[in-house]
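Numbers restart at 1 for each chain; the letters A, B, ... are given by sequence-line order, proteins then strands. Atoms considered below: every heavy atom in the structure, side chains included; atoms not considered: hydrogens, waters and symmetry mates. Nothing here was measured: the structure is a model prediction, and the numbers come from that model.
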Amino acid sequence: MKRIKIKELLASPPVGSDVLVKGWVRTRRGNKNIIFIALNDGSTIRNIQIVAETSRFGEDLIRDITTGSCIAVTGRLVESQGQGQDVEIAAAEIVIYGKCDPETYPLQKKGHSMEFLREIAHLRPRTNTFSAVLRMRHAMSFAIHKYFNDKGFYYLHTPIVTGSDAEGAGEMFHVTTFDLANVPLDSNGNPDYSLDFFGKPANLTVSGQLEGELGALALGEIYTFGPTFRAENSNTPRHLAEFWMIEPEMAFYDLNDNMDLAEDFIKYLIRYALDNCSDDLEFLNNMIDKGLYERLRFVVDNEFVRMTYTDAVRILESSGRKWEYPVGWGRDLQAEHERFLVEEHFRKPVILTDYPAEIKAFYMKQNDDGKTVRAMDVLFPGIGEIIGGSQREEDYEKLITRIREMGLPEKDLWWYLETRKFGTAPHSGFGLGLSRLMIFMTGMSNIRDVIPFPRTPKNAEF
RNA sequence: UCCUCAGUAGCUCAGUUGGUUAGAGCGGCGGACUGUUAAUCCGUAGGUCGUAGGUUCGAGCCCUACCUGGGGAGCCA
């Protein structure tokens with residue numbers, strides 16, 4: 001008999017027919033005559049109830065059906081006599097694939113703390129919460145590809161190993177084949193990178209944006225979607241050393257087009273989750289965050305506020321609030337300022353634009369005022385900046401002047417600069433952190449709990 | 001990295017002013033129950049009190065350092 005997945009089984013239950021299901025035992029209840037098994041195969045958060053009369057099966061077999069064990073069950077799908085489920089399987093045959101010692105298996109029927117589950121990341125996908133989160137993470141990844149594909153964007157694979165540290169987006173991880181206990185030195189006593197694998201210093205990427213721009217200036221509209229790495233010593237519930245990022249980059253988009261895309265994109269993803277992840281969302285709404293549904297709908301139903309940095313500073317200055325960090329034009333906004341705007345003043349997502357050039361990256365398009373650049377930050381309740389982007393500076397002279405002002409290594413960026421020399425075009429793009437999106441989509445409070453195997457300072461287990 | 005809180009049974013926690021033999025719930029194990037729903041009921045085992053020093057007649061409790069984790073901040077996505 002062919003195995004049927006529990007998701008499929010419950011979607012249109014073939015009551016009266018014999019079925020074969022395989023999965024992991026969540027709980028077992030019962031007495032000496034009859035036992036009830038809640039079986040889960042990961043295809044859905046919902047379990048199928050298996051009913052087994054002990055007289056039909058050996059005592060040894062029944063004893064080995066414990067929480068966490070893996071079994072295959074053949075039996076008739078029948079309407080349930082009990083409350084709580086519509087159908088159940090009257091077991092005719094049970095095969096135990098994998099026993100699970102109840103004395104040492106760390107997952108129990110009762111709930112566990114997120115901190116404890118993080119220590120057993122190899123087993124936590126077997127919990128309701130993590131299976132729901134991981135299914136949703138998949139759904140979001142798929143929806144991201146679907147959204148861009150449907151819009152005619154091309155998925156560009158930007159490199160993970162990079163020879164440039166041009167963007168300065170953070171500390172980088174070095175990539176080398178040197179024996180670190182015996183690094184070849186040059187005549188000045190510095191590492192002789194000409195002898196290293198790439199013949200020059202190499203790092204893990206902190207962003208695919210610069211290469212993404214190269215793609216956009218040929219293919220029109222592209223997006224990247226891959227892992228990035230930051231060696232920052234950041235210990236917060238919103239930072240990872242390895243995380244996934246989506247970076248669309250579009251030729252002929254100005255900042256308004258960019259904002260329109262960002263807002264439409266994020267609303268599409270939320271709508272996709274509401275339409276396709278209802279079981280998992282319902283579980284998360286009930287067990288993790290009672291306000292989850294409401295918040296998702298709220299974002300879908302409301303236009304994002306759009307305003308300039310300068311106006312935002314004015315609002316903050318006249319708010320009458322006492323700030324821990326001072327507010328003033330030219331200073332970067334702190335978490336407390338962003339939270340005030342999003343969570344108290346406007347009470348909806350906010351896109352701030354036109355930041356002072358001094359606090360933004362070199363590649364952002366310079367405004368005519370000589371002070372600000374065409375940047376945009378999308379601020380969300382609870383997580384702060386979920387998207388950061390800008391229109392890019394397409395003018396060669398302005399760009400190279402800025403690079404020199406900031407003391408960046410101009411010769412490492414020759415390829416980036418050449419796109420401004422040869423058929424330059426106005427273009428824009430932004431970056432969205434997948435895990436930050438997942439925090440918002442699931443109601444989870446720590447970024448380490450929305451990725452299967454988090455990498456953080458002092459932690460690369462699993 | 002800074003600030004702050006915490007670390008006691010497999011898990012979640014209590015533990016009085018420093019004082020005899022460190023407790024509970026859940027989970028596990030044994031038993032009872034003919035349909036359970038985080039089943040219920042009875043019984044039972046389970047501890048180097050994060051690590052290393054120190055103070056004291058005496059430390060789970062006080063002091064110091066370190067480790068690990070949570071929250072907040074910085075950096076950022």
Side-chain angles (χ1 to χ4, degrees), chain A residues 26-38 46-55 63 66-68 78-85 88 90 100-120 123 127-128 167-171 205-209 227-247 287 324-325 332-339 359-361 377-380 383-389 430-440 445-451 456-459 461:
Chain A
R26 281 290 163 76
T27 63
R28 192 191 77 178
R29 299 176 289 273
N31 53 52
K32 72 178 172 196
N33 300 301
I34 187 166
I35 62 163
F36 301 90
I37 303 160
R46 298 164 72 188
N47 302 325
I48 184 77
Q49 173 157 283
I50 312 293
V51 185
E53 289 168 32
T54 46
S55 57
R63 193 169 36 235
T66 58
T67 298
V78 297
E79 286 182 17
S80 179
Q81 296 173 32
Q83 306 294 308
Q85 61 280 316
E88 63 194 21
C100 188
D101 178 12
E103 280 195 40
T104 50
Y105 186 56
L107 292 172
Q108 44 188 59
K109 297 179 191 180
K110 221 169 171 167
H112 293 286
S113 68
M114 293 300 157
E115 292 79 21
F116 174 68
L117 292 172
R118 221 171 281 151
E119 292 170 11
I120 50 167
L123 296 173
T127 64
N128 285 335
E167 205 199 343
E171 291 297 313
T205 181
V206 294
S207 164
Q209 182 201 313
T228 50
F229 306 86
R230 306 264 169 104
E232 296 286 349
N233 192 8
S234 296
N235 295 284
T236 84
R238 297 177 306 282
H239 289 86
L240 292 167
E242 173 184 303
F243 61 99
W244 286 63
M245 200 158 54
I246 301 105
E247 295 176 293
M287 304 300 288
E324 190 181 337
Y325 290 86
D332 208 354
L333 298 181
Q334 302 295 316
E336 57 173 337
H337 308 139
E338 296 180 349
R339 292 181 75 107
I359 58 174
K360 288 293 182 184
D377 282 2
V378 182
L379 309 178
F380 261 40
I383 44 182
E385 181 186 337
I386 193 169
I387 282 179
F430 62 81
L432 166 71
L434 177 69
S435 298
R436 294 224 175 141
L437 174 76
M438 289 306 300
I439 290 175
F440 183 76
S445 50
N446 193 310
I447 201 164
R448 296 163 195 191
D449 300 327
V450 295
I451 189 167
T456 52
K458 302 269 186 288
N459 191 351
E461 194 65 50

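- Nucleotides G47(B) and U4(B), compared at atom C1', are 29 Å apart to the nearest Å.
- For Asn235(A) against U1(B), a side-chain N or O and a base N or O form a donor-acceptor pair under 3.5 Å.
- Remark: the Glu115(A) side chain and the U12(B) base include no donor-acceptor N/O pair separated by less than 3.5 Å.
- You won't find any donor-acceptor pair under 3.5 Å spanning the side chain of Ser234(A) and the base of C76(B), going by distance alone.
- Searching all strands for a Watson-Crick or G-U wobble partner of C57(B) with both distances below 3.5 Å returns G19(B).
- At a cut-off of 3.5 angstrom, counting only N and O atoms as typed in the model, there is a donor on one side and an acceptor on the other between the side-chain of His239(A) and the base of C76(B).
- Gln49(A) contributes no side-chain N or O that, together with a main-chain N or O of Ile37(A), makes up a donor-acceptor pair within less than 3.5 Å.
- Base pairing of U34(B): no nucleotide in any strand meets the Watson-Crick or G-U wobble criterion (both distances under 3.5 Å).
- Of the candidate nucleotides G70(B), U36(B), A73(B), U36(B) has the atom lying nearest to any side-chain atom of Arg29(A).
- Look at Asp377(A) and Lys360(A) and you find a salt bridge, because one of the NZ, NE, NH1 or NH2 atoms lies within 4.0 Å of a carboxylate O, short of that distance.
- A side-chain contact (heavy atoms from CB on, under 4.5 Å) with Ile447(A) holds for exactly one of Leu240(A), Thr236(A), Thr456(A); it is Leu240(A).
- Put simply, the side chain of Gln49(A) and the base of U36(B) share a donor and an acceptor less than 3.5 Å apart.
- In terms of phosphate contacts, Lys32(A) brings a side-chain nitrogen or oxygen within less than 4.0 Å of OP1 or OP2 of C33(B).
- Close to U1(B), at under 4.0 Å from its OP1 or OP2, lies a side-chain N or O of Asn233(A).
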